[in-house]
Amino acid sequence: QDVPPYTEDCQHGMYPSKARSTGVPPTFKINLDLDPQIRWNEVMKHKGANVKAMIDQVKKLISDVSPQLVDLVNKYLPEIIEKLPAPYDAEILGISKATGIEDGEILLFNIFYEVFTM
Amino acid sequence: CTSIVAQDVGGTLYHARNLDFGLFMGWDTKNHTWLIAEYLHPLVVNLDFTRNGTTVYKTVNFAGYIGVLTGMKPGVFSLTLNERFNVNGGYIGLIEWILGYRKAHWTSFLTRDALEKSNSYEEAVDMLSNTEILAPVYYIVGGSKPGQGAIITRDRQSLTNMYSMAPDKGMWYVLETNYDNWTDPPFFDDRRTPGKKCLSGVGNKKVDFQTIYDVLSTKPVLNQLTTYTALMQVNKGTLETYIRHCPHPCWAW
């Protein structure tokens, strides 16, 4: 179909074709016996740079709307982290420490789904 | 998002989903893609949460995101979370939470808590139905026994609606996108009709990973926001994830 919304006939034989997939993601273990602050370290060792790139892009989009909003994220969101239930508070701080990304920005990523129901 | 729980003629349940995210968050005019969706692709990871060296639950996550949008407790149940758009949305719950009302749970932390603490399909359904949450959502839950599949429509305070499969009455699957199942989806975002058409066309005699993947690969069920497709079979403890790409021309959502 050449006009939106680009519906089409039901597809067949796609699995596990790469025609509409760019591959499979890696698998990591999260050891719940470890301290929450360090249990995400292995994931962040491999994906930290990608997380930073994504958050930088979100900050750019927010900044395009209002540069002050980014300052608010770093000023107020860290205060929320300490009020999160365990182990989520420590896990966010651990990811921040492992990646060098501000903890408020890690929280920003984690509240996307709550906020976007608007 | 599109979530499906389907049962084959032998009573085996399959749970699958497309995770769509990034609407209105920057459009790449050169590649005709959503910027944030593209940035999310390399963040997709399969996670195996272990305790005492044993798998407790498996999830598909974006690295850096600690809640659960897609997960499975092997042998027990599987769950997915779909956004539910509502004026009384998550931003209100978030503001209330910041102001000190902390009885409500974060929606994707509740799913992780359910995977951690619930030891049956019924327990998980009860927890996801009756716990106060920050944002309206759809929780889609599948079990390990025939007939265990439901869409839990939630507002922030309470259960709005529960829609369960009933294979003995011919309702061998449930399919949820981002709209209440008792209303028609909007004409500008109808992934339900093509999804149901393709799934019904497959029939419960042929339902398996292959055929469900085909349904989730059909436009506009597959669209520019789709980051990954996850396929789960609880009894075997199988979770497969595929990072998605929707070739042009492809609808933006």
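Chain letters run A, B, ... following the sequence lines, proteins first, then strands; residues in each count from 1. Note that this is a predicted model, so its numbers are computed, not measured.
Near-neighbour residues of residues 89-101 of chain A relative to chain B, defined by a heavy atom under 4.5 Å from a heavy atom of that chain, comprise Glu91(A), Ile92(A), Ile95(A). Using a 4.5 Å cut-off between non-hydrogen atoms, the part of residues 191-201 of chain B that approaches chain A consists of Lys197(B), Cys198(B).
Looking at every heavy atom in both residues, Tyr15(A) comes nearest to Gln210(B) through CD2-CG, 3.1 Å. Nearest heavy-atom pair, Arg51(B) versus Asp33(A), reported as atom, atom and distance to 0.1 Å: CG-OD1, 3.2 Å. The minimum heavy-atom distance linking Leu222(B) with Arg20(A) is given by the pair CD2-CD, 3.6 Å. Nearest heavy-atom pair, Met54(A) versus Leu40(B), reported as atom, atom and distance to 0.1 Å: CG-CD2, 4.3 Å. Across Gln57(A) and Ile36(B), no two heavy atoms sit closer than the pair CG-CD1, 3.8 Å.
When the salt bridge (Lys or Arg N to Asp or Glu O under 4.0 Å) test is applied to Lys75(A), no partner is found at least two apart in sequence or on another chain.
One distance of note links CG of Asn110(A) with CH2 of Trp106(B); it measures 8.0 Å at 0.5 Å rounding. Rounded to the nearest 0.5 Å, atoms NE2 (His41(B)) and OG1 (Thr22(A)) are 6.0 Å apart. We find the CH2-CD distance between Trp251(B) and Glu8(A) to be 14.5 Å, quoted to the nearest 0.5 Å. In this structure, Ile111(A) CD1 and Leu134(B) CG are separated by 10.0 Å, a value rounded to the nearest 0.5 Å. Within the model, atoms NZ of Lys29(A) and OG1 of Thr55(B) stand 5.5 Å from one another, a figure rounded to the nearest 0.5 Å. Rounding to the nearest 0.5 Å places CE of Met14(A) at 6.5 Å from OH of Tyr213(B).
When heavy atoms are compared at a cutoff of 4.5 Å, Leu216(B) does not approach chain A at all. Contact annotation for Glu116(B): only side-chain heavy atoms (C-beta onward) come within less than 4.5 Å of a heavy atom of chain A. Both the backbone and the side chain of Asp113(B) come within less than 4.5 Å of a heavy atom of chain A. With a threshold of 4.5 angstrom between heavy atoms, Tyr228(B) does not approach chain A through any atom at all.
Here the side chains of Leu32(A) and Tyr57(B) are in contact, with some heavy-atom distance below 4.5 Å. The shortest distance between side-chain heavy atoms of Asn46(B) and Phe28(A) does not fall below 4.5 Å. Between Tyr65(B) and Ile106(A), every side-chain heavy-atom pair lies at or beyond the 4.5 Å cut-off. Contact check for Trp97(B) versus Ile80(A): side-chain heavy atoms found under the 4.5 Å cut-off.
Asp56(A) CG: more than 12 foreign heavy atoms inside a 6.0 Å radius. Annotation for Lys59(A): atom NZ counts as buried by contact number, over 12 foreign heavy atoms lying within 6.0 Å.
The greatest number of non-hydrogen atom pairs below 4.5 Å with chain A, out of Val56(B), Leu81(B), Asp48(B), Leu35(B), is found for Asp48(B). For chain A, the option among Leu94(B), Val215(B), Ile98(B), Asn52(B) with the highest count of heavy-atom pairs below 4.5 Å is Asn52(B). Listed options Ala63(B), Ala252(B), Ser108(B), Gly67(B) were ranked by heavy-atom pairs under 4.5 angstrom with chain A; first place goes to Ala63(B). Top candidate by heavy-atom pairs under 4.5 Å with chain A, chosen from Val44(B), Ile66(B), Val45(B), is Ile66(B). Considering only heavy-atom pairs separated by less than 4.5 Å from chain B, the leading option among Asp9(A), Val51(A), Ile30(A), Leu84(A) is Ile30(A). Looking only at heavy-atom pairs under 4.5 Å with chain A, the residue among Thr229(B), Thr218(B), Ile212(B) that has the most is Thr218(B). Between chain A and the residues Gly93(B), Gly53(B), Pro247(B), the largest count of heavy-atom pairs under 4.5 Å involves Pro247(B).
Asn50(A) places no side-chain N or O within donor-acceptor distance of the main-chain N or O of Leu43(B), the cut-off being under 3.5 Å. Within the 3.5 Å criterion, the main-chain N or O of Tyr242(B) finds no donor-acceptor partner in the side chain of Ser21(A).
Within the structure, the ring pair (Phe, Tyr, Trp, His ring centres under 6.0 Å) test picks out the following pairs touching residues 50-91 of chain A (sequence neighbours left out): Tyr88(A)-Phe109(B).
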